[in-house]
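Everything on this sheet refers to the single structure shown next.
Every chain is numbered from 1 and lettered A, B, ... according to where its sequence line falls, protein lines coming before strand lines. Just the heavy atoms: all of them, side chains too, but no hydrogens, waters or symmetry mates, feed the values below. Note that the structure is predicted; figures quoted are calculated from it, not measured.
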2 protein chains.
Amino acid sequence: MNNKFIRIYEDIADRIRTGEIEAGTLLQSELDLSESYQTSRETIRKALKMLYEEGYIQKIQGKGSIVLDIRKIDFPISGLVSFKELAKKMGHRAQTYVKVFKEQQVDQALHKKINFGLNEQVWEIRRVRKVDGEYVILDKDYISQRLVPGLSKEICNDSIYEYIEQELGLSISFAKKEILVEEPTAEDRELLDLEGFHNVVVVRSQVYLEDASQFQYTESRHRPDKFRFVDFARRR
Amino acid sequence: MNNKFIRIYEDIADRIRTGEIEAGTLLQSELDLSESYQTSRETIRKALKMLYEEGYIQKIQGKGSIVLDIRKIDFPISGLVSFKELAKKMGHRAQTYVKVFKEQQVDQALHKKINFGLNEQVWEIRRVRKVDGEYVILDKDYISQRLVPGLSKEICNDSIYEYIEQELGLSISFAKKEILVEEPTAEDRELLDLEGFHNVVVVRSQVYLEDASQFQYTESRHRPDKFRFVDFARRR
DNA sequence: AAGTGGTCTAGACCACGCT
DNA sequence: GCGTGGTCTAGACCACTTC
């Protein structure tokens, strides 16, 4: 197996999660670790850098690496996670209903809203998500047909990301997101259980593949009481 | 001056921001760059890693480093930025009013909400922020007196972070945040201009110093129309 | 095959915390 | 002064893209 530093990262991360290495204590020094793992110090430093970035440890020059309390970070879903993965992680009974699935050409109006080229063919998808018996999320997706061919209603019902990564063998790489609060539209009122709610939380995302090409634009509209965003941020 | 890789990072970042290096093009190869900057390839790689993490470039093995369109990321304020810095960056005419400034002992009720120890002394602060003529943010802070001694109403009116970093010489390191939408409290209604608004966006943060000690707990309550959160996320 | 980024090494020196 | 993490180097080999 490749990637020595990732194996070391995973090993230490596991030992922190299980509590074998306790929060508040210091890790072995980098020199000690390089001997324990039979590797060079730079490789250890790569593994520690990952642990640092994921919030497992805090490094202090001259002192050592403090193990942080990972339990408090519980679900840092700031990243890029599909609804299916998320629901599973949160232990929700969740269902997806595809309301619209059609092919669409990017016209002037759409071109202004999203980043795709004029006249490019896209899949236009509307899905509602039912969580614990209520319709609380409406997802409006536009996905490039050129980059993601062969999409179907059935795939949308399951997981588009799984299809892209496992069937097409593409890698989803990064996203730019914007979170705002807006008034519900007529469509929101029609498709979601919004009685008594005066706002929806709107998450607009542009999602990119590994070669930096944008394949997706999504507007995800959430009932405000069911919205939660957790973030772990380091000062730059 | 120290930190060669940071200087290289800043130099390339500047050239991307000004458009001297165009989005969509490839950077020089790492070997070329190491010659241009008279340094080793590993040092170049450190600088490129930073550019990658900040969303300036996308690296593709065997091909090169693609320059991304940084304009689309405009203000990724996902990190840890003081209100003063943020207002300045956004070009807002903003003012802060300190409504409450007192010393407080952590009692049972507070202990459950925040992470500080029972009976610890904290500063309790309430501030409202006026942006473009309207009161739109209410900040409720609890700050450890042990870690941040000598706070005053005047400092709270200016910038607590500036005081901590510049006067006390401490380094703010990381934060855990949670974003939710809630009903306004009586206090929200009293201190903010909320006519016609049925929700507030609540950002709860725990903020830590470099030695991993938590010095602050903040509840920041925003009028929903003035709330915007921008995020750049890479898939893990 | 040539050129690119990805991993790994062994060693050097520096900056910082602790005692 | 000693041990810690932070920076930097020069070189090796591997994996991938492109021609």
Side-chain angles (χ1 to χ4, degrees), chain A residues 1-12 21 24-53 56-68 169-171 173-174 209-213 234-236, chain B residues 1-12 21 24-53 56-68 147 168-171 173-174 209-213 234-236:
Chain A
M1 253 267 264
N2 279 335
N3 287 40
K4 202 181 274 198
F5 75 93
I6 290 180
R7 292 204 311 277
I8 295 170
Y9 158 79
E10 282 170 351
D11 185 54
I12 297 177
I21 304 179
T25 63
L26 289 174
L27 282 187
Q28 284 180 281
S29 76
E30 295 179 351
L31 209 61
D32 285 353
L33 286 170
S34 68
E35 282 165 19
S36 300
Y37 285 101
Q38 282 294 307
T39 185
S40 70
R41 193 177 147 221
E42 280 296 339
T43 299
I44 292 296
R45 282 181 58 74
K46 262 194 190 171
L48 295 192
K49 180 101 190 293
M50 281 186 75
L51 289 166
Y52 168 83
E53 281 164 355
Y56 283 95
I57 62 171
Q58 180 70 8
K59 306 187 82 179
I60 302 176
Q61 185 170 151
K63 200 169 174 187
S65 297
I66 297 185
V67 178
L68 298 180
L170 299 171
S171 286
S173 177
F174 63 94
L209 296 175
E210 226 166 32
D211 65 355
S213 56
R234 291 202 175 266
R235 189 144 169 98
R236 319 191 172 195
Chain B
M1 251 267 267
N2 279 335
N3 287 41
K4 202 182 272 200
F5 75 94
I6 289 180
R7 292 206 309 277
I8 296 170
Y9 158 78
E10 283 169 351
D11 185 54
I12 298 177
I21 304 179
T25 63
L26 289 174
L27 282 187
Q28 284 180 279
S29 76
E30 295 179 351
L31 210 60
D32 285 353
L33 286 170
S34 68
E35 282 163 19
S36 300
Y37 285 100
Q38 281 296 304
T39 186
S40 71
R41 192 177 149 222
E42 280 296 338
T43 298
I44 292 295
R45 283 180 58 74
K46 262 193 190 171
L48 296 191
K49 180 101 189 292
M50 280 186 75
L51 289 166
Y52 168 83
E53 281 165 353
Y56 282 94
I57 62 170
Q58 180 71 6
K59 305 187 82 180
I60 302 175
Q61 186 171 152
K63 199 168 175 189
S65 297
I66 297 185
V67 178
L68 299 181
L147 298 169
L168 297 181
L170 300 170
S171 286
S173 175
F174 62 93
L209 296 175
E210 225 166 34
D211 65 354
S213 56
R234 291 199 176 269
R235 189 144 168 98
R236 320 189 171 197

Give the intermediate values and the outcome of side-chain contact (heavy atoms from CB on, under 4.5 Å) for residues B/Arg41 and B/Arg45. CA-CA 6 Å; B/Arg41 192 177 149 222; B/Arg45 283 180 58 74; 4.1 Å; yes
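- The phosphate of C/dG3 has neither OP1 nor OP2 within less than 4.0 Å of any side-chain N or O from B/Lys63.
- Taking atom CG of residue B/Asp32 and atom C1' of nucleotide C/dA2, one finds them 14 Å apart after rounding to whole Å.
- OP1 or OP2 of C/dT4 has at least one side-chain nitrogen or oxygen of B/Ser29 nearer than 4.0 Å.
- Note on B/Arg45: every side-chain N or O is 4.0 Å or more away from OP1 and OP2 of C/dG5.
- Considering only side-chain atoms of B/Lys59, the nucleotide from C/dG5, C/dT7, C/dT9 that sits closest is C/dG5.
- OP1 or OP2 of D/dT9 has at least one side-chain nitrogen or oxygen of B/Thr39 nearer than 4.0 Å.
- A donor N or O paired with an acceptor N or O is not found under 3.5 Å between the base of C/dC14 and the side-chain atoms of A/Gln61.
- At whole-Å resolution of the value, CD in B/Gln28 and P in C/dG3 are 16 Å apart.
- Between the C1' atom of D/dT9 and the CD atom of B/Gln38 lies a distance of 13 Å, rounded to the nearest Å.
- Side-chain nitrogen and oxygen atoms of B/Arg41 include none within less than 4.0 Å of the OP1 or OP2 phosphate oxygen of D/dT9.
- Spacing between atom CD of B/Glu42 and atom C1' of D/dG6 amounts to 14 Å, rounded to whole angstrom units.
- Under the 6.0 Å distance and 45° angle rule, B/Arg234 counts as a cation-pi partner of B/Tyr52.
- The shortest distance between the side-chain N/O atoms of B/Lys4 and the OP1/OP2 oxygens of D/dT9 is below 4.0 Å.
- When atom types are taken as modelled, the side chain of B/Ser213 and the backbone of B/Leu209 share no donor-acceptor pair closer than 3.5 angstrom.
- Two residues, A/Ile60 and A/Lys46, neighbour DNA chain C, and the one matched to the more 5' nucleotide by heavy-atom proximity is A/Lys46.
- When the nucleotides D/dA10, D/dG5, C/dA10 are ranked by their closest atom to the side chain of A/Ser40, C/dA10 comes out on top.
- Here D/dT7 presents its C1' atom at 12 Å from CD1 of B/Ile8, a figure rounded to the nearest Å.
- Between A/Met50 atom CE and C/dG6 atom C1' the separation is 14 Å, expressed in whole Å.
- Ionic pairing of B/Lys46 and B/Glu42 is not present here: no N-O contact between side-chain nitrogen and carboxylate oxygen is shorter than 4.0 angstrom.
- Within the 4.5 Å cutoff, the side chain of B/Leu27 has heavy atoms near those of the B/Leu48 side chain.
- If you take CD1 of B/Ile44 and P of D/dT9, they are 9 Å apart, rounded to a whole angstrom.
- Taking 4.0 angstrom as the limit, A/Lys49 places none of its side-chain polar atoms (N or O) nearer than this to OP1 or OP2 of D/dG6.
- Side chain of B/Gln58 to backbone of A/Glu210: a donor-acceptor contact under 3.5 angstrom is found.
- Considering only side-chain N and O atoms, A/Thr43 lies under 4.0 angstrom from the phosphate OP1 or OP2 of C/dT9.
- If you check every strand for non-hydrogen atoms under 4.0 Å, B/Leu48 touches nothing.
- Atom CG of B/Leu31 and atom P of D/dT9 are 14 Å apart (whole Å).
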